[in-house]
Amino acid sequence: MPEHHWSITVTIWLALAGYVITVCVMLAGFLKPEWSRRLRAVWTISCGFFVLHVLSAFHYSYHWSHAEAIQSTARQTDELLGMRFGEGLYFSYGFLLLWIADVLFWWRRPELYVSRPWWLLLAVHAYLFFIAFNGAVVF
């Protein structure tokens, strides 16, 4: 990996660390008002690191070319699964948009965010975890 790619690696690990911290604290039941503000800050900063990760990847790896990103994703999928599927990149875009939407929801309606139905919380985090796991472990 070229030296200038350090930003891609550092930002994803910081984003994932914040993701894991937030989810673990939520699972431990510390989503009370006094913890919620701090946790929301961690969640927001972590999302910001993921945005920086995407920007770094598009700058250094794909030279701001969506077509190049699709081709790279297709190559990686072919190497791992034996089939070219560049459209998998859209799942990563979905990850980015869902995380940003979740952060915005927490800031705009914090009382509703912490009391949302368990199935919605589970659906959001199941998708985020699935994509994060595939991005960090599989790819």
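Given the structure is predicted, the values throughout are model-derived calculations rather than measurements. Numbers here are sequence positions counted from 1.
When all heavy atoms of T22 and V42 are compared, the pair lying nearest together is OG1-CG1, 3.6 Å. The heavy-atom pair separating I21 from L39 by the smallest distance is O-CD1, 4.5 Å. Scanning all heavy atoms of the two residues, the minimum distance from M26 to Y113 falls at CE-OH, 3.7 Å. Scanning all heavy atoms of the two residues, the minimum distance from S61 to E68 falls at O-OE2, 3.2 Å.
Distance check, rounded to the nearest 0.5 Å: OH of Y19 to SG of C47 gives 12.0 Å. Put simply, OG on S46 and CG on L14 are 8.5 Å apart, with the number rounded to the nearest 0.5 Å. Taken to the nearest 0.5 Å, the CZ atom of F105 stands 7.0 Å off from the CG atom of L120. Within the model, atoms CH2 of W106 and CZ of R40 stand 7.5 Å from one another, a figure rounded to the nearest 0.5 Å. Taken to the nearest 0.5 Å, the CD1 atom of I45 stands 11.5 Å off from the CG atom of L52.
A donor-acceptor pair under 3.5 Å links the side-chain atoms of T11 to the main chain of I8, judged by distance alone. D78 places no side-chain N or O within donor-acceptor distance of the main-chain N or O of A74, the cut-off being under 3.5 Å.
No more than 12 heavy atoms of other residues, nucleotides or ligands sit less than 6.0 Å from atom CH2 of W118. The local environment of CZ in F130 is sparse, with at most 12 non-hydrogen atoms from other residues, nucleotides or ligands closer than 6.0 Å.
Between Y90 and H66, the distance separating the two ring centers is shorter than 6.0 angstrom. Aromatic ring centres of W43 and H125 lie closer together than 6.0 Å.
At least one side-chain heavy atom of S72 sits under 4.5 Å from a side-chain heavy atom of R75. Two residues are said to be in side-chain contact when any heavy atoms from C-beta on lie closer than 4.5 Å; F49 and T44 fail this criterion.
In this structure, a donor-acceptor pair under 3.5 Å is present between the side chains of Q71 and R84.
Just one of L96, I12, T9, L16 meets the side chain to side chain contact (heavy atoms under 4.5 Å, CB included) condition when paired with H53; it is I12.
Residues forming a salt bridge (Lys or Arg N to Asp or Glu O under 4.0 Å) with E111 (at least two apart in sequence, or on another chain): R109. Contacts of F91 classified as side chain to side chain contact (heavy atoms under 4.5 Å, CB included), with partners at least two apart in sequence or in another chain: F85, Y127, I131.
Using a 4.5 Å cut-off between side-chain heavy atoms of Ile, Leu, Val, Met, Phe, Trp and Tyr, with links allowed through other members, W99 and L97 fall into different hydrophobic clusters.
Using a 4.0 Å cut-off between charged nitrogen and carboxylate oxygen, D102 and R116 count as a salt-bridge pair.
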Test side chain to side chain contact (heavy atoms under 4.5 Å, CB included) on W64 and L55; report intermediate values, then the result. CA-CA 9 Å; W64 297 105; L55 294 173; 3.9 Å; yes
